[in-house]
Undergrad: 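The structure that follows is given in the form of C-alpha cells.
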Amino acid sequence: MIVVGGSTSRDLAKDIASIIGCKYIEAATVRFPDGECYTRIEEETLDDDVAIVQNTYPDENLVEMFLIQDAVRRAGAKSVTLVIPYFGYARQDRVFKNGEPESAKVMCELLSRVCDYVITVDIHKEAVLEAFKRPYKDVKAANAMGDYFKDKDIDMVFSPDIGAAGRAKMVGERMGVPYDHLEKKRLSGTEVVIQPAKSDVKGKSVLIVDDMISTGGTIMTATTQLKAAGARKVTVACTHGVYVNNALERLKASDIDDLLSCNTLMSETSRISVAGMIADAIKERC
C-alpha cells in the first residue's frame, strides 16, 4: 500500500501511512498565477495499491483530486482508494427547482471514474454515497470523539437536535456518560429557546457534538441557553470545522468554553484525530 497526500490533507495522510506502516508520498501540487492546478507524483512507478487522501472542498481541491487520480493511475497504481475526509457538495443532494443540477450525484459520478473504493468521514447525508459507482464506506468519528473526551471532565453529551441524537448516543456510550438531544421550543412568534429534551444540566459539564459547524449560529445560541439553565461548562466538538464567514472568531468570542474539531479540515481547533479509523477502513479493504 502507498498513501498519497493531497495538499488539503498532508498531515492526516502522513498519520494514516504511519499507522498502516506503509510508504507515504506527497503530491507536489502548486497553483499557476491564473489559478490553475498543477500536480505531480514524483515516483517512477506506483506498482502497488494506492490510497489518495484529499478533501473535495472548496472547488479547487476537487480539481486537484481529479488530477491526482489520473496521475496515480498513469503511474501504474494497481488499485485506487479515495479517502475524502470532508466531501464537498454532500449538502447539495436534492433538486428543489426546475433547472437545478443534482450536484452531489454529479460529483460522485465524476470521482468514480478513476477509483476502486471510496472512504468518507461523517458525510452529511450517507444516501449521497449511493451515487458512487464503486464500493464505499463512511467512517463514523463518534468513537474518536468518545475516546478523546473520556478523561476530559464531561458529565453529559448532547446533540443539537433529535436528528443527530444517534451521534450523541454513540459518543456518550463510548465515554460511559448520559446523553440527550437539544430541542427548539417556540415561545412566541419571535422568541425561541433551545433546551435539553429531558435532562437537567444544572452544575454539569456538557459536551455538544455535531457532524459539522459552518456558521455556528445554532451552537452559540444553544450554549448561551445551556449556561442560562445552569450548565457549569459547555464544550463543543464537531467532525468538520468548516467555519465560514468568520465563524471561528465568533465562536471563540461566544459562551463556548472549549471548541474542537476532527482533523478532516485543518484549523486551530483540529485536535481530534480520525487517522486511526481511516487506517482501519483501508486495512479492511486490503
Side-chain angles (χ1 to χ4, degrees), residues 8-20 53 55 83-87 119-124 137-161 164-182 196 199 201 204-214 216 218-220 222-223 226-227 231-243 247-248 251-252 254-284:
T8 68
S9 307
R10 286 168 179 161
D11 290 342
L12 178 57
K14 288 177 187 176
D15 290 345
I16 293 168
S18 177
I19 293 167
I20 295 173
V53 187
N55 286 320
V83 177
I84 309 174
Y86 178 68
F87 187 95
I119 297 171
T120 57
V121 181
D122 277 358
I123 194 166
H124 189 63
K137 180 181 180 68
D138 187 56
V139 173
K140 307 303 181 186
N143 285 348
M145 288 186 181
D147 289 343
Y148 181 89
F149 285 106
K150 272 183 181 177
D151 58 352
K152 298 292 192 299
D153 181 35
I154 300 294
D155 299 314
M156 298 192 68
V157 179
F158 288 90
S159 64
D161 52 49
R167 180 175 293 102
K169 180 177 186 291
M170 291 173 67
V171 175
E173 288 182 343
R174 188 79 170 185
M175 295 172 63
V177 301
Y179 51 87
D180 195 1
H181 67 274
L182 301 173
S199 307
V201 298
K204 294 180 180 178
S205 174
V206 303
L207 169 66
I208 305 174
V209 294
D210 206 355
D211 64 334
M212 73 172 67
I213 296 177
S214 185
T218 298
I219 291 293
M220 287 187 283
T223 299
L226 284 169
K227 288 284 186 75
R232 171 171 56 88
K233 180 180 179 182
V234 177
T235 301
V236 173
C238 66
T239 305
H240 311 297
V242 182
Y243 306 140
L248 182 54
L251 286 159
K252 288 164 61 178
S254 73
D255 291 326
I256 296 170
D257 293 289
D258 200 7
L259 174 65
L260 300 91
S261 62
C262 294
N263 57 346
T264 56
L265 291 165
M266 292 308 299
S267 73
E268 63 188 81
T269 69
S270 305
R271 290 181 269 159
I272 304 170
S273 179
V274 292
M277 305 179 72
I278 295 172
D280 288 344
I282 292 172
K283 288 188 285 187
E284 286 172 11

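Residues take their numbers from the sequence shown, with the count starting at 1. Hydrogens, waters and symmetry mates play no part in the numbers below; they use all other heavy atoms, side chains included. Quick caveat, the model's predicted, so the values are computed rather than measured.
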Undergrad: Looking at side-chain heavy atoms only, is the closest gap between L207 and M145 below 4.5 Å?
TA: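 Contact flag for L207/M145 side chains = no.
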Undergrad: To the nearest 0.5 angstrom, please state how far the CG atom of L260 sits from the SG atom of C238.
TA: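 That separation rounds to 8.5 Å.
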Undergrad: Could you measure the distance from the CD1 atom of I213 to the CE atom of M220? Nearest 0.5 Å is fine.
TA: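 Spacing of CD1 (I213) from CE (M220) equals 9.0 Å.
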Undergrad: Would you mind reporting whether V201 and F158 have side-chain heavy atoms less than 4.5 Å apart?
TA: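 Sidechains of V201 and F158: in contact.
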Undergrad: Does any N or O in the side chain of H240 come within less than 3.5 Å of the main-chain N or O of D122, such that one atom is a donor and the other an acceptor?
TA: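 Judged by distance alone, yes, a pair lies under 3.5 Å.
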Undergrad: Under a 3.5 Å cutoff, is there a donor and acceptor pairing between the side chains of D138 and T120?
TA: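 Indeed, the side chains of D138 and T120 share at least one donor-acceptor pair under 3.5 Å.
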Undergrad: Let me confirm one number: the NZ-CD1 distance from K283 to I278, rounded to the nearest 0.5 Å.
TA: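 So the NZ of K283 and the CD1 of I278 are separated by 12.5 Å.
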Undergrad: Tell me, do R232 and D153 make a side-chain contact under 4.5 Å, heavy atoms counted?
TA: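 When only atoms from C-beta onward are counted, D153 and R232 do touch, with a gap below 4.5 Å.
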Undergrad: If you define the side chain from C-beta out and look only at heavy atoms, does anything of S254 sit under 4.5 Å from T223?
TA: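 Side chain of S254 against side chain of T223, heavy atoms only: no contact under 4.5 Å found.
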Undergrad: Rounded to the nearest 0.5 Å, what separation is found between the OH atom of Y86 and the OG1 atom of T264?
TA: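 So the gap between those two atoms works out to 8.5 Å.
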Undergrad: Donor-acceptor check, side chain of D257 to backbone of T235, threshold 3.5 angstrom: yes or no?
TA: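 Not confirmed, D257 side chain does not pair with T235 backbone.
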Undergrad: Would you confirm whether D147, through its side chain, and K150, through its main-chain N or O, come within 3.5 Å as a donor-acceptor pair?
TA: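 No, because the side chain of D147 does not come within donor-acceptor range (under 3.5 Å) of the backbone of K150.
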Undergrad: Ignoring hydrogens and geometry, is there a side-chain-to-backbone donor-acceptor pair from S18 to D15 under 3.5 Å?
TA: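 Here the side-chain-to-backbone pair does not exist.
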Undergrad: I want to check something: taking the side chain as every heavy atom from C-beta on, are L182 and L226 in contact at a cut-off of under 4.5 Å?
TA: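 The answer is yes, as the side chains (C-beta and beyond) meet within the 4.5 Å cut-off.
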Undergrad: D255: which residues meet the side chain to side chain donor-acceptor pair (under 3.5 Å) condition with it, sequence neighbours left out?
TA: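 D255: side chain to side chain donor-acceptor pair (under 3.5 Å) contacts with T224.
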Undergrad: Which distance, rounded to the nearest 0.5 Å, do you find between the CD1 of I16 and the CE of M277?
TA: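 Reported to 0.5 Å precision, the distance equals 11.5 Å.
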Undergrad: When you measure from the side chain of N55 to the backbone of S9, do you find a donor-acceptor pair of N or O atoms at a distance under 3.5 Å?
TA: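 No, N55 side chain to S9 backbone: no donor-acceptor pair under 3.5 Å.
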Undergrad: If you apply the rule side-chain hydrogen bond (donor to acceptor under 3.5 Å, both in side chains), what do you find for D211 with T239, and how did you get there?
TA: CA-CA 5 Å; D211 64 334; T239 305; over 6 Å; no
Undergrad: If the threshold is 4.0 Å, N to carboxylate O, is there a salt bridge linking K152 and D258?
TA: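 No.
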Undergrad: Any chance you could measure M266, atom CE, to L12, atom CG, to the nearest 0.5 Å?
TA: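 Reported to 0.5 Å precision, the distance equals 8.5 Å.
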Undergrad: Residues in side chain to side chain contact (heavy atoms under 4.5 Å, CB included) with L248, at least two apart?
TA: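 For L248, the residues satisfying side chain to side chain contact (heavy atoms under 4.5 Å, CB included) (neighbours in sequence not counted) are Y243, K252, L259, E268, T269.
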Undergrad: Can you name the residues that form a salt bridge (charged side-chain N to carboxylate O under 4.0 Å, His left out) with D11, not counting sequence neighbours?
TA: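 Residues passing salt bridge (charged side-chain N to carboxylate O under 4.0 Å, His left out) with D11: none at all.
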Undergrad: Should V274 and P85 count as side-chain neighbours, where that means a heavy-atom distance under 4.5 Å?
TA: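 They are not in contact (no side-chain heavy atoms under 4.5 Å apart), so the answer is no.
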Undergrad: Using a 3.5 Å distance criterion without hydrogens, assess whether the side chain of D155 forms a donor-acceptor pair with backbone atoms of S205.
TA: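 Present.
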Undergrad: If we ignore hydrogens and angles and just use 3.5 Å, is the side chain of S270 paired with the main-chain N or O of L265 as donor and acceptor?
TA: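 Confirmed, S270 side chain pairs with L265 backbone.
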Undergrad: I want to check something: taking the side chain as every heavy atom from C-beta on, are S267 and S261 in contact at a cut-off of under 4.5 Å?
TA: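 Yes, at least one pair of side-chain atoms sits under 4.5 Å.
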Undergrad: Can you name the nearest heavy-atom pair linking I20 to A279, along with the distance?
TA: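 Heavy-atom minimum between the residues: CG1-CB, 3.8 Å.
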